[in-house]
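Working notes for the structure below.
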Amino acid sequence: MPFDAPRVSGPVERLFVVLGDQLDYQSELIHGLSEHDAVLMMEVREESEHVVTHHQRTVVFLSAMRHFCQHLQREDIRVEYVALDDDDNTHSFGSELERAIDRLDPASVEVVRPGSWRVLDMLSDAADDLSVHEDPHFLSTPQDFEDWASGRKALTMEYWYREMRKQHGILVSGDGKPEGGDWNYDKENRNAFKQAPKPPAPWTADADEITTEVHELVGEMLELEGAAELPRWPVTRQQALYQLDSFIKGSLPDFGQWQDAMWTGDALLWHSHLSPALNLKLLTPREVVDRAVDAYHRGDAPLNSVEGFVRQIIGWREFMRGIYWTQRKDYRDHNRLRARRELPEAYWTADSSMRCVQEAVRPVLTMGYSHHIQRLMITGNLALTAGVHPGAVRDWYLGMFVDGVDWVTTPNVVGMALYADGGVVATKPYAAGGGYVNRMSNYCSECRFNPRKRTGPDACPLTTLYWDFLARNRDDFEDNHRMGLMLKNLDRMEAPELEKVRDRAGEVQRAL
Ligand code: FAD
């Protein structure tokens with residue numbers, strides 16, 4: 001069925017704003033609206049232009065919105081839908097909400113907590129008495145996180161995660177003990193491939209009429225980055241459920257052991273690729289976790305995989321959201337290590353003499369995705385050790401990944417990858433030289449640089465930058481006991497060798 005943007009006629013009691021990442025087919029808030037109420041959905045240019053954005057990210061959001069709108073109409077919920085090519089569209093959430101209020105004169109304007117401070121501020125400015133509901137999609141609220149965090153010296157994800165397991169009865173026995181006796185099976189989850197891996201074929205969405213139409217419209221109206229191709233990602237709940245099913249049956253059993261591994265030509269491997277569907281809210285974290293735990297109880301997936309997967313969702317995902325909403329609003333602008341450099345051109349082209357950079361950037365350009373270790377230990381690690389400005393890195397991840405939404409992108413970039421928050425998220429910087437990449441992938445065997453060398457023309461740029469990074473920021477790490485060993489190794493380096501590292505780092509920086 002092609003898409004026809006519906007408009008509302010007649011008076012409106014409650015106007016309920018549904019944003020592109022709030023497509024919650026389970027939401028009682030949205031599904032409880034009456035015939036006197038209406039949903040407002042807006043496709044605006046500003047959301048694809050406030051940071052440089054991937055074509056497929058915009059197509060996925062808009063196509064999923066249009067499908068959700070049709071679902072609401074089938075449920076007899078009235079929708080006021082502003083399409084991207086609507087002649088009267090002012091292309092900003094703030095001005096579009098004002099226009100809708102003028103036209104519909106609702107008694108109340110409501111929204112579920114948006115995915116960013118920026119959008120929350122815009123909507124609050126446009127509607128005087130905006131009511132903001134907590135998002136029922138998540139297992140925890142920002143207040144829950146605040147309560148847990150208050151009085152703690154450090155916010156350690158592992159303790160948050162254990163609390164979540166106990167509170168929600170996930171992989172715990174009746175007396176609150178962890179399933180299998182341990183809270184964490186990471187020791188078993190750090191394998192590297194010894195030969196070319198053969199992962200299960202990943203589930204891929206077929207583009208229907210709506211997605212194809214949106215893809216063409218976006219191509220005509222917006223100038224975006226990345227491959228302007230039809231996306232592989234789910235845009236309906238049905239598709240998201242197929243994707244979940246395919247992951248649970250195909251990849252979950254080996255998810256754990258290959259979680260940190262990398263291999264040339266494959267950015268999907270045994271990862272779930274569920275982040276776009278989860279972040280659009282097509283799936284709930286609870287149902288995803290329940291499916292994984294059921295697979296464990298049926299004997300279809302081992303505990304190290306299931307526990308590792310559950311930790312990503314109820315641990316990291318909820319933790320990052322808690323950080324985002326409970327730190328100060330300017331958290332996204334932190335720059336503790338005073339990094340100033342521009343984002344290397346290779347982040348936009350994948351054109352690099354470093355094999356690992358080609359491998360980690362290419363899938364971002366072709367499909368708006370790379371897996372966690374590529375994000376953290378290649379593109380994140382390079383930006384960290386090269387001293388790229390956190391704002392530039394954050395905006396790249398936010399706009400160029402199909403799963404980019406501020407509440408999750410920002411703490412991952414500013415906190416986890418760049419240590420720009422000075423240690424709120426990570427107890428030490430995730431900085432590594434080429435040795436780590438060589439251990440966890442086959443990238444180096446196909447690269448012209450030598451991961452063991454830090455100086456000379458064939459020295460691995462990551463290895464050079466790692467030592468230069470430690471030397472540059474030594475004072476900032478002095479009091480961090482987790483950095484002790486790294487600093488001791490740095491201090492063993494003779495002055496002339498350090499000088500050579502610095503010279504080589506300058507050359508590497510200029511060539512990036
Ligand atoms: P899997 O490996 O299959 O993990 C399962 C799920 O766990 C993911 O779908 C995701 O929902 C959740 N998860 C895992 N790790 C994290 C994490 N660190 N934070 C939050 N949730 C997590 N995730 C996003 O959803 N959006 C982003 O914009 C984003 N940007 C990132 C930027 C950087 C620099 C880094 C280091 C990580 C980022 N992440 C982001 C977190 C993580 O890399 C992705 O969630 C994951 O790679 C998505 O792929 P997947 O669904 O195959 O994950």
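Atoms within each ligand, like the ligands themselves, are counted from 1 in listed order. Values below: all heavy atoms of this structure, side chains included; hydrogens, waters and symmetry mates excluded.
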Protein contact of [atom] - nearest heavy atom, named by residue and atom, plus distance:
{"atom": "atom 44 (C) of ligand 1", "value": "Arg375 NH1, 3.8 Å"}
{"atom": "atom 5 (C) of ligand 1", "value": "Phe309 CE1, 3.5 Å"}
{"atom": "atom 7 (O) of ligand 1", "value": "Gln312 CB, 3.0 Å"}
{"atom": "atom 6 (C) of ligand 1", "value": "Ile313 CD1, 3.8 Å"}
{"atom": "atom 41 (C) of ligand 1", "value": "Asn412 ND2, 3.7 Å"}

Could you tell me whether Glu223 atom CD has more than 12 heavy atoms of other residues or ligands within 6.0 Å of it?
no
Mind listing the closest non-hydrogen atom pair of [X] and [Y] along with its distance?
{"X": "Leu274", "Y": "Val288", "result": "CD1-CG1, 4.1 Å"}
{"X": "His273", "Y": "Pro202", "result": "CE1-CB, 4.1 Å"}
{"X": "Pro142", "Y": "Thr326", "result": "O-CG2, 3.5 Å"}

With a 4.5 Å cut-off on side-chain heavy atoms, are Arg311 and Asp186 touching?
yes
Mind checking whether Leu224 and Arg57 have side chains closer than 4.5 Å, heavy atoms only?
no
Just jot down the ligand 1 atoms closer than 4.0 angstrom to any heavy atom of [X], in number order.
{"X": "Phe255", "result": "1 (P), 2 (O), 3 (O)"}
{"X": "Tyr369", "result": "49 (O), 50 (P), 52 (O)"}
{"X": "Leu376", "result": "36 (C)"}
{"X": "Ser275", "result": "9 (O), 25 (O), 48 (C), 49 (O), 51 (O)"}
{"X": "Gly404", "result": "28 (O)"}
{"X": "His372", "result": "18 (N), 36 (C), 37 (C), 41 (C), 42 (C), 43 (O), 47 (O)"}
{"X": "Ala417", "result": "34 (C)"}

Examine the proximity of ligand 1 to [X] and report which part, side chain or backbone, both or neither, has a heavy atom under 4.0 Å away.
{"X": "Asn279", "result": "side chain"}
{"X": "Asp403", "result": "both"}
{"X": "Met320", "result": "side chain"}

Check: [X] N/O within less than 3.5 Å of ligand 1 N/O:
{"X": "Tyr397", "result": "no"}
{"X": "Ser272", "result": "yes"}
{"X": "Leu274", "result": "yes"}

Run the ring-centre check on Trp407 versus Phe138 and record whether the distance is less than 6.0 Å.
yes
Heavy-atom contact under 4.0 Å between [X] and ligand 1?
{"X": "Phe319", "value": "no"}
{"X": "Tyr430", "value": "no"}
{"X": "Phe247", "value": "no"}

Heavy-atom distance to atom 11 (O) of ligand 1: which of Arg317, His273, Arg394 wins?
Arg317
Can you check which of Arg321, His271, Met157 brings a heavy atom nearest to atom 2 (O) of ligand 1?
His271
Going by the angle between their ring planes, with limits at 30° and 60°, are Trp270 and Trp258 parallel, tilted or perpendicular?
tilted
What class does the angle between the rings of Trp348 and Trp396 fall in, given that below 30° is parallel, 30 to 60° is tilted and above 60° is perpendicular?
perpendicular
Decide ring pair (Phe, Tyr, Trp, His ring centres under 6.0 Å) for Tyr419 and Tyr430; before the verdict, give the C-alpha distance in whole Å, the side-chain angles of both, and the deciding distance to 0.1 Å.
CA-CA 8 Å; Tyr419 198 73; Tyr430 281 93; 9.4 Å; no
Quickly, which of His50, Glu46, Arg45 forms a side-chain hydrogen bond (donor to acceptor under 3.5 Å, both in side chains) with Ser92? Name it, please.
Glu46
Check against ring pair (Phe, Tyr, Trp, His ring centres under 6.0 Å), Trp160 and Phe145:
CA-CA 8 Å; Trp160 162 259; Phe145 191 83; 5.0 Å; yes
Which residue is it: Arg118, Arg332, Lys329? I am looking for the one with a salt bridge (charged side-chain N to carboxylate O under 4.0 Å, His left out) to Asp406.
Arg332
